[in-house]
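Following: one structure in C-alpha cells, then a few remarks.
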Amino acid sequence: MKYILFSLLLIFSTIGFSQSLDACGMDKSAYLNREEANYLQQYLQEDLGGYELKGKKVLFITGSAASREGSKTEYFDHIRSWNEKNSRVATGITILSPEEKTASGGYDIILTYWVKLFTERRKRKIIKRLSQAKNI
C-alpha cells in the first residue's frame, strides 16, 4: 500500500512539475516570473539554502569557461531537453552581494549552466563588463 501511495504521489508531482516548466522561458525578461521562480526553487533547492527566487533579476551565463551570456529561453530549453532524458542541466548559482547587484545593473543572481569552472575572478569580470555597459 505504501508503494502505491508513493508511486501516485510521484506521478502527480511530476505532472505538476512538467506543467510549470511549460510556462518557463517564454520571454526575454531578466526577471523571473512566478512559474520560473517556482520551478527553479524546486530544481535548485539544495543550492539555494532557503534563498527566495521570486521576482529576482537573473543573468544567465554559459560556456565551459563562463565566457558567454546565455538567455532564460535557452536555459529552459536545455532543461526541457534534458528532462526528456531523465537528467539535469549542470547548473550553478551565485547570489550577488548588494554592492555587486548595484554594480551589475540590478542583477540579483548569476545562474551558470554548462560551466566547468566559475571563479571569483570570472565573476568580477562579468560584473565589471555589466557596470561598463550600464555607464555607456
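None of the values given here were measured: they were computed from a predicted structure.
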Partners meeting side-chain hydrogen bond (donor to acceptor under 3.5 Å, both in side chains) with Glu99 (sequence neighbours left out)
Ser97
Give the minimum heavy-atom separation between Ala23 and Glu35, together with the two atoms involved.
CB-CG, 3.7 Å
Under a single-linkage rule joining Ile, Leu, Val, Met, Phe, Trp and Tyr whose side-chain heavy atoms are separated by less than 4.5 Å, which residues share a cluster with Leu96?
Leu59, Ile61, Tyr107, Ile110, Val115, Phe118, Ile126, Ile127, Leu130
For residues Gly70 and Tyr113, report the shortest heavy-atom separation together with the two atoms involved.
CA-OH, 3.3 Å
Partners passing side-chain hydrogen bond (donor to acceptor under 3.5 Å, both in side chains) against Arg80 (at least two apart in sequence or in another chain):
Asp77
Would you mind reporting whether Asn38 and Tyr43 have side-chain heavy atoms less than 4.5 Å apart?
no
Side chain to side chain contact (heavy atoms under 4.5 Å, CB included) between Leu48 and Ile93, intermediate numbers included:
CA-CA 8 Å; Leu48 291 172; Ile93 190 158; 3.5 Å; yes
Verify side chain to side chain contact (heavy atoms under 4.5 Å, CB included) between Tyr39 and Glu36, making sure each step is shown before the conclusion.
CA-CA 5 Å; Tyr39 186 87; Glu36 293 161 346; 5.8 Å; no
Between Leu53 and Ile109, is there a side-chain heavy-atom distance shorter than 4.5 Å?
yes
Pair listing, side chain to side chain donor-acceptor pair (under 3.5 Å) test, anchored in residues 46-68, at least two apart
Arg68-Glu74
ring-ring contact (aromatic ring centres under 6.0 Å, His included) pairs, two or more places apart, involving residues 52-72
Phe60-Tyr75
Name all residues meeting the salt bridge (charged side-chain N to carboxylate O under 4.0 Å, His left out) criterion together with Arg124; count only those two or more places apart in sequence or in a different chain, and write none if there are none.
none
